[in-house]
Amino acid sequence: MATVRIPPVLRPSVGGVKEVDADGENVGDVLRSLADQHPATQPQMFAEGGELNRYVNVYLNDEDVRVLDGLETPVGTGDVLVILPAMAGG
Amino acid sequence: MSPSGAEFIRQIRNQVAEVDPGDVNQRLQNGSGDGSPAIVDVRESEEVARGLIPGAKHVPRGYLESRIEGTVPDRSQHVVLYCASGTRSALAAKTLEELGYENVESMTGGYTLWKDRGYKVEVPKVMTPEQRERYSRHMLVPEIGAEGQQKMLDAKVLLLGAGGLGSPTALYLAAAGIGTIGIVDDDVVDLSNLQRQVIHTTDRIGEPKVDSAEEAMKAINPDVNVVKYQTRMDASNIMEIIEGYDVIVDGVDNFPTRYLLNDATVRLRIPVVSASILGFDGQLSVFAPYDGPCYRCLYPVPPPAELAPSCGANGVLGVLPGTMGLLQATEVIKLVVGAGEPLIGRLLLYEALGATFTELKVRRDPECAVCSRSPDEIADDEMGVFPDYEAFCAAAG
């Protein structure tokens with residue numbers, strides 16, 4: 001079980017909470033589990049081919065999964081996934 | 001019987017190690033490697049103002065005990081002290097030995113002999129008595145000191161936007177004594193700005209923001225040279241505006257300008273202190289071209305418009321740009337002074353509702369569309385462009 005931190009723009013899709021617990025052996029599984037629980041997050045995270053949208057950054061603890069093994073990166077119990085969108089407000 | 005003053009000095013000089021100016025000059029010529037000594041000038045400020053040995057740190061003898069650790073924290077470091085003639089530096093050397101410094105020398109003949117022999121000296125820029133008073137609390141901080149304050153006075157910092165983030169940044173950088181502060185903003189002050197844009201005032205509603213900001217900054221510190229750009233920055237004017245600035249503070253409210261700024265600053269190798277805010281959330285990082293990742297390494301493409309609401313559409317806690325803007329101002333001062341560890345290659349997230357800070361690593365992308373190439377390979381017509389740029393801008397309105 002990992003904890004997924006939900007950015008403000010996705011919170012309406014998960015009932016307004018800041019964190020969601022989700023199961024999975026790797027990053028892809030955890031995010032797909034999140035999408036199963038909250039289907040509105042699916043198109044916001046994943047492109048049509050099932051890969052992560054390029055504008056979605058995902059961090060396992062403090063490291064960008066792009067420099068790890070992407071969606072295949074193993075996730076352990078107690079790990080934190082951070083979904084991070086770019087923001088432009090100033 | 002107590003010794004006379006002259007006898008006391010003679011005794012001290014016999015107890016401390018002394019070094020000839022020629023030896024010191026030779027060691028400085030050999031470069032500033034690990035073995036080179038820390039040169040400390042223990043004279044009074046008025047004497048130092050007339051000239052000092054290049055690279056010397058100034059610690060007046062009267063403040064030696066309280067300030068030397070800030071200047072030379074490592075007691076095993078080789079320290080050479082000098083004054084005008086070699087007397088005060090001998091007494092200071094004795095003090096440092098008593099404080100546990102292991103390798104201290106006093107330069108014989110002092111600055112006078114050094115100068116007579118024709119070795120290199122430099123005349124520091126002199127602050128006025130009013131400046132010394134105004135910036136006294138900076139000068140007392142070892143990491144800043146007179147040298148750091150002078151760097152700030154010589155620095156040119158450009159603020160993009162005199163809005164939520166730009167307001168606190170502009171006020172504090174002006175107060176800190178950043179010598180030249182440019183501000184780019186084409187907007188006028190609106191009543192709805194005043195919940196967070198604290199540089200503006202109710203009686204300046206309707207005025208150009210650059211004028212309102214200048215008035216507030218000058219009121220705090222008339223020393224600051226404010227350069228106003230009442231324009232919207234775009235591909236046609238960005239190079240002209242940003243060239244020559246030492247640091248740029250990004251507080252703009254839209255993605256196209258953020259990407260444009262990134263590409264232009266990579267080309268000119270200007271560091272950017274970047275922050276963004278929305279609701280109760282803020283993000284902060286420093287993008288130092290080629291030393292660390294750029295904005296495109298972090299965000300290769302912007303999110304679609306529906307996932308990138310603006311503060312105008314979704315709102316923002318009024319205090320939040322204060323918090324994030326002052327973190328930006330802090331990073332600016334660190335970059336200018338050369339102190340601490342700037343937020344390069346790290347992204348700081350602040351979530352105000354939970355009162356949490358989270359730090360994430362940001363890596364350089366070896367395939368980055370911009371900073372994987374050398375600056376002269378980035379063409380004018382590529383700058384600020386990203387896939388689906390036209391559609392993005394149309395959707396964003």
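Because the structure is a prediction, the values reported are computed rather than measured. In what follows, every chain begins at residue 1, and chains take the letters A, B, ... in the order their sequences are listed. No hydrogens, no waters, no symmetry mates; every other heavy atom, side chains included, goes into these values.
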Asker: For a 4.5 angstrom cut-off between non-hydrogen side-chain atoms, does B/Asp365 reach A/Arg66?
Answerer: no

Asker: Can you tell which part of B/Leu353 gets under 4.5 Å to a heavy atom of chain A, answering side chain, backbone, both or neither?
Answerer: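 The answer is both parts of B/Leu353.
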
Asker: Do you know the tightest heavy-atom contact between A/Ala86 and B/Tyr295?
Answerer: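 It is CB-OH, 4.2 Å.
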
Asker: Rounded to the nearest 0.5 Å, what separates atom CD in B/Gln283 from atom CG in A/Leu84?
Answerer: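 Between atom CD of B/Gln283 and atom CG of A/Leu84 there are 4.5 Å.
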
Asker: Are B/Arg363 and A/Glu63 close enough for a salt bridge, meaning some N to O gap below 4.0 Å?
Answerer: yes

Asker: Are any non-hydrogen side-chain atoms of B/Glu351 and A/Pro7 less than 4.5 angstrom apart?
Answerer: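 A side-chain contact under 4.5 Å is absent here.
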
Asker: Tell me, side chain or backbone of B/Leu320 under 4.5 Å from chain A's heavy atoms, or both, or neither?
Answerer: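 Contact with chain A: none, neither part.
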
Asker: Within a 6.0 Å radius of atom OH on B/Tyr172, are there more than 12 heavy atoms belonging to other residues, nucleotides or ligands?
Answerer: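 Count not over threshold, so no.
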
Asker: Ignoring hydrogens, what is the shortest heavy-atom contact between A/Pro85 and B/Tyr299? Give both atom names and the distance.
Answerer: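 A/Pro85 and B/Tyr299 have their closest heavy atoms at O-OH, 3.5 Å.
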
Asker: Any idea which heavy atoms bring B/Asp281 and A/Met87 closest together, and the distance?
Answerer: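 Heavy atoms of B/Asp281 and A/Met87 come nearest at O-CE, 3.5 Å.
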
Asker: Of the backbone (N, CA, C, O) and the side chain (C-beta and beyond), which part of B/Ser274 lies under 4.5 Å from a heavy atom of chain A, both, or neither?
Answerer: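 Contact with chain A is absent: no heavy atom of B/Ser274 under 4.5 Å.
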
Asker: Has A/Glu51 got more than 12 heavy atoms of other residues, nucleotides or ligands less than 6.0 Å from its CD?
Answerer: yes

Asker: What's the spacing between B/Phe280 CZ and A/Lys18 NZ if we round to 0.5 Å?
Answerer: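 Output value for this atom pair is 9.5 Å.
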
Asker: Is any side-chain heavy atom of B/Leu298 closer than 4.5 Å to a side-chain heavy atom of A/Asn57?
Answerer: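 A side-chain contact exists here, since the closest heavy-atom pair is under 4.5 Å.
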
Asker: If you round to the nearest 0.5 Å, how far is CG of B/Leu347 from OH of A/Tyr59?
Answerer: 6.0 Å

Asker: Where do A/Asn61 and B/Leu360 come nearest, in terms of heavy atoms and distance?
Answerer: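 Heavy atoms only, the tightest pair is O-CD2, 3.5 Å.
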
